[in-house]
**Student:** 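So that we are looking at the same thing, I have put the structure below in structure tokens.
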Amino acid sequence: NMKSFQGVLPVQFIDGFVYDNKTKKTLVYIPYEIKQFIDDNKYIIMNYQQLFSLKNRISKLLYKRINITNRPDFENKVQYLKLPETICSFLKNYGIEYRTRSQKSRLFYEIKDGLEELKEHEIISSYKMTEITGKHLFADGKHYYKSVDDYSVELYLNPNFCLKYSVSQKGKK
């Protein structure tokens with residue numbers, strides 16, 4: 001139902017396609033095995049019902065990141081995911097930025113609310129936010145003040161969630 005779409009599908013996923021000039025629609029035929037895999041595992045790769053039950057936009061983005069990068073390590077009892085980038089640079093990739101100190105403050109509260117929401121939905125068991133502070137010059141040009149510029153985030157994943165919705169499930173037959 002989209003008027004325009006741009007993307008790439010690997011050749012292995014296509015059995016054929018038909019373009020209809022009248023309706024301006026393209027039908028893409030996929031192999032039966034892939035269709036069966038999608039039907040059998042529709043909530044394994046990513047649980048979209050759980051994704052859409054989240055209210056906070058930041059918790060949705062973090063949920064997607066967790067699902068994409070979650071690989072359970074059965075050697076450790078505690079499963080955790082440390083974002084390689086800071087939380088603000090992670091959100092900047094999705095177009096969420098701040099320009100003023102008050103916007104930054106609201107964004108940090110929204111981040112904490114999003115993490116708490118992930119905790120309530122039993123996706124993570126806990127989280128750790130480490131402050132990244134910076135020295136800034138006051139308007140007088142002589143004195144400095146310290147402020148929190150960003151956070152690095154570690155998410156401690158819920159074990160039940162890890163086993164049920166991990167990337168390793170994609171490889172199972």
Side-chain angles (χ1 to χ4, degrees), residues 1-2 5 7-15 28-98 103-133 148-173:
N1 295 331
M2 297 177 161
F5 177 78
V8 177
L9 271 177
V11 174
Q12 297 89 345
F13 290 106
I14 301 174
D15 262 354
V28 177
Y29 296 100
I30 60 174
Y32 176 77
E33 294 80 17
I34 294 175
K35 183 210 176 289
Q36 194 62 41
F37 178 79
I38 292 168
D39 288 345
D40 293 344
N41 300 303
K42 62 181 173 180
Y43 297 121
I44 297 295
I45 295 171
M46 185 178 297
N47 185 340
Y48 288 97
Q49 287 180 333
Q50 192 171 33
L51 173 68
F52 293 123
S53 70
L54 299 171
K55 304 286 184 238
N56 188 308
R57 63 184 176 159
I58 293 173
S59 62
K60 289 180 182 181
L61 295 174
L62 287 170
Y63 180 80
K64 286 181 185 179
R65 171 58 76 85
I66 289 168
N67 274 279
I68 291 167
T69 59
N70 178 25
R71 286 184 175 83
D73 179 12
F74 296 108
E75 304 296 321
N76 297 330
K77 289 186 177 181
V78 178
Q79 305 286 324
Y80 81 98
L81 169 71
K82 181 173 181 175
L83 289 179
E85 67 267 41
T86 62
I87 192 74
C88 286
S89 60
F90 167 71
L91 294 174
K92 194 175 196 176
N93 293 337
Y94 292 97
I96 300 173
E97 295 185 68
Y98 58 86
Q103 286 176 336
K104 182 168 85 170
S105 176
R106 281 193 299 258
L107 181 65
F108 288 162
Y109 280 117
E110 191 177 356
I111 290 166
K112 288 176 185 171
D113 290 343
L115 290 168
E116 286 298 324
E117 186 177 22
L118 288 174
K119 205 169 161 184
E120 288 170 15
H121 282 80
E122 296 181 353
I123 296 164
I124 61 173
S125 52
S126 63
Y127 61 89
K128 180 180 174 186
M129 293 178 68
T130 308
E131 294 179 350
I132 299 171
T133 58
V148 177
D149 291 337
D150 210 342
Y151 286 99
S152 67
V153 177
E154 288 183 35
L155 305 172
Y156 296 91
L157 305 176
N158 187 321
N160 295 331
F161 175 82
C162 281
L163 292 173
K164 198 169 180 183
Y165 303 111
S166 66
V167 166
S168 70
Q169 299 290 342
K170 291 181 182 181
K172 290 185 179 176
K173 300 228 175 175

**Student:** Looking at every heavy atom in both Gly114 and Ser59, which two are closest together, and how far apart are they?
**Tutor:**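 The answer is O-CB, 3.3 Å.
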
**Student:** For residues 120-131, which residue pairs pass the side-chain hydrogen bond (donor to acceptor under 3.5 Å, both in side chains) check, not counting sequence neighbours?
**Tutor:**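 Sorted pair list: Glu116-Tyr127.
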
**Student:** Measure the spacing between CG of Leu83 and CE of Met129 and express it to the nearest 0.5 Å.
**Tutor:**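 One finds 10.5 Å between CG of Leu83 and CE of Met129.
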
**Student:** Would you call Leu115 and Leu155 a side-chain contact if the rule is heavy atoms closer than 4.5 Å?
**Tutor:**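 Of all side-chain heavy-atom pairs linking Leu155 with Leu115, at least one is under 4.5 Å.
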
**Student:** Out of curiosity, Asp113 CG to Arg106 CZ, how far, rounded to the nearest 0.5 Å?
**Tutor:**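 Reported to 0.5 Å precision, the distance equals 13.5 Å.
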
**Student:** Could you go step by step and tell me if Leu51 and Lys60 meet the side-chain contact (heavy atoms from CB on, under 4.5 Å) rule?
**Tutor:** CA-CA 6 Å; Leu51 173 68; Lys60 289 180 182 181; 4.0 Å; yes

**Student:** Run Ile58 and Leu107 through side-chain contact (heavy atoms from CB on, under 4.5 Å) and show every step you take.
**Tutor:** CA-CA 9 Å; Ile58 293 173; Leu107 181 65; 3.9 Å; yes

**Student:** Under the side-chain hydrogen bond (donor to acceptor under 3.5 Å, both in side chains) test, which residues partner Lys104, sequence neighbours left out?
**Tutor:**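 Partners of Lys104 by the side-chain hydrogen bond (donor to acceptor under 3.5 Å, both in side chains) criterion, ordered by chain and then number, come out as Asp149.
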
**Student:** Does a side-chain heavy-atom distance below 4.5 Å link Leu61 with Ile96?
**Tutor:**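 A side-chain contact exists here, since the closest heavy-atom pair is under 4.5 Å.
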
**Student:** Can you tell me how far CZ of Phe161 sits from OH of Tyr63, rounded to the nearest 0.5 angstrom?
**Tutor:**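 That separation rounds to 4.5 Å.
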
**Student:** Find the distance between NZ (Lys92) and CG (Asp150) and round it off to the nearest 0.5 Å.
**Tutor:**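 Reported to 0.5 Å precision, the distance equals 10.0 Å.
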
**Student:** Might you work through the side-chain contact (heavy atoms from CB on, under 4.5 Å) test for Leu118 and Leu54, ending with a clear yes or no?
**Tutor:** CA-CA 8 Å; Leu118 288 174; Leu54 299 171; 4.1 Å; yes

**Student:** Please round to the nearest 0.5 Å and tell me the distance separating atom CD1 of Ile111 and atom CG of Leu62.
**Tutor:**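 Answer rounded to 0.5 Å: 8.5 Å.
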
**Student:** Let me confirm one number: the OG1-OH distance from Thr86 to Tyr151, rounded to the nearest 0.5 Å.
**Tutor:**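 Separation between the atoms: 12.5 Å.
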
**Student:** How would you list, by chain and number, every residue that makes a ring pair (Phe, Tyr, Trp, His ring centres under 6.0 Å) with Tyr94, sequence neighbours excluded?
**Tutor:**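 Testing Tyr94 for ring pair (Phe, Tyr, Trp, His ring centres under 6.0 Å), a comparison that skips the adjacent residues, returns Phe90.
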
**Student:** Before giving the answer on side-chain contact (heavy atoms from CB on, under 4.5 Å), spell out for Asn158 and Ile123 the whole-Å C-alpha distance, their side-chain angles and the decisive distance to 0.1 Å.
**Tutor:** CA-CA 5 Å; Asn158 187 321; Ile123 296 164; 6.0 Å; no

